[in-house]
Amino acid sequence: MRLDNMLIAEGVAGPEKGGGAGAAANASAAAGAGDNAIEHSDYRAKLGQIRQIYHQELEKYEQACNEFTTHVMNLLREQSRTRPITPKEIERMVQIIHKKFSSIQMQLKQSTCEAVMILRSRFLDARRRRRNFSKQASEILNEYFYSNLSNPYPSEEEKEALARRCGITVNQVSNWFGNKRIRYKKNIGKAQEEANLYAAKKAAGASPYSMSGTPGPMMSPQPGEDSMGYGIAGMNGSGYSGVGGMGYDLHPESPDV
DNA sequence: GGATATGATTTTGG
DNA sequence: CCAAAATCATATCC
């Protein structure tokens, strides 16, 4: 029963709902968010495949069940000429057959469920579609991180600002800082170089992009403002003092939201 | 193709 | 409940 419900919920079992056209329309409607439209329709297509196979198999089983039942019935009828066979016995026979076949159907349903689950995880698990952030986003995040090494915990507002500037979500900013903190701590020695590197960049000021490897064209025309205002204003005086004492420093300035 | 980097999720500790 | 730590799954580099 659970399996049935699940299959219906996933749209594998249940009403036919007009085949591909309906599914496609559904997909495009559900993908109003936009960026995941392609993956979603792909998901839909795969789901349709599963669905089709499932129904095919189901029908096949049903047919086989009927054939087998009639076959048994014929045998019984034949036997009834040599010995009396009660209707009750026939009914029992039929029930046994149906039970057998329904257990086979159960297996089909279960494996279909499994397939759907795998499909879901394949498409819905964000880990499987990881995309690296843009170069600029990494720059912005790193700048903030190394400018606030003594307290790399951006507040909610700061996270939102960073998210906007990087074109990612607040959650992603949080993830990034979580990863960065732990991975920075893991090898301070090496990362210190990076810290210095970013400190140097900050000192260099306006053009933190050193053009290391990519002779390609400049990046996107990113709507004006950016750099300046935020990053440089970092800490008070002495660059980055040793982390030695306390981490708590209230932000020297909080211009607005 | 494997080694490493990196974003996301899951587990764990306070 | 939040963040650290562990872990997963992919991207990217070589």
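Lettering follows sequence order; numbering is per chain, from 1. The analysis underlying the following values was restricted to heavy atoms, covering all of them including side chains, and did not include hydrogens, waters or symmetry mates.
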Approximate separation, where rounding is to 0.5 Å, of A:Q105 CD and A:H98 NE2: 10.0 Å

Looking only at side-chain N and O atoms, does A:R181 come under 4.0 Å of OP1 or OP2 in C:dA3? no

Going by distance alone, is a donor N or O of one side chain under 3.5 Å from an acceptor N or O of the other, for A:T82 and A:Q79? no

Would you call the rings of A:F101 and A:F68 parallel, tilted or perpendicular if under 30° counts as parallel and over 60° as perpendicular? tilted

Under a plain distance cut-off of 3.5 Å, with no hydrogens placed, do A:N132 and A:R130 share a side-chain donor-acceptor pair? yes

Residue pair A:K60, A:E57: steps toward the salt bridge (charged side-chain N to carboxylate O under 4.0 Å, His left out) verdict: CA-CA 5 Å; A:K60 227 163 65 182; A:E57 292 294 305; 3.2 Å; yes

State, to the nearest 10°, the angle formed by the axis through the first five base pairs of the helix from B:dG1-C:dC14 to B:dG14-C:dC1 and the axis through its last five. 0°

Does B:dG7 have OP1 or OP2 under 4.0 Å away from a side-chain N or O of A:Q172? no

What does nucleotides 7-14 of chain C look like as a protein-contact string, B for base, S for sugar-phosphate only, - for none, at under 4.0 angstrom between heavy atoms? BBBBSS--

Send over the distance from A:N175 CG to B:dT9 C1', rounded to a whole Å. 8 Å

Quickly work out the A:L141 CG to B:dA8 P distance and round it to whole Å. 11 Å

Nearest-angstrom distance from the residue atom CZ of A:F177 to C1' of B:dA8: 16 Å

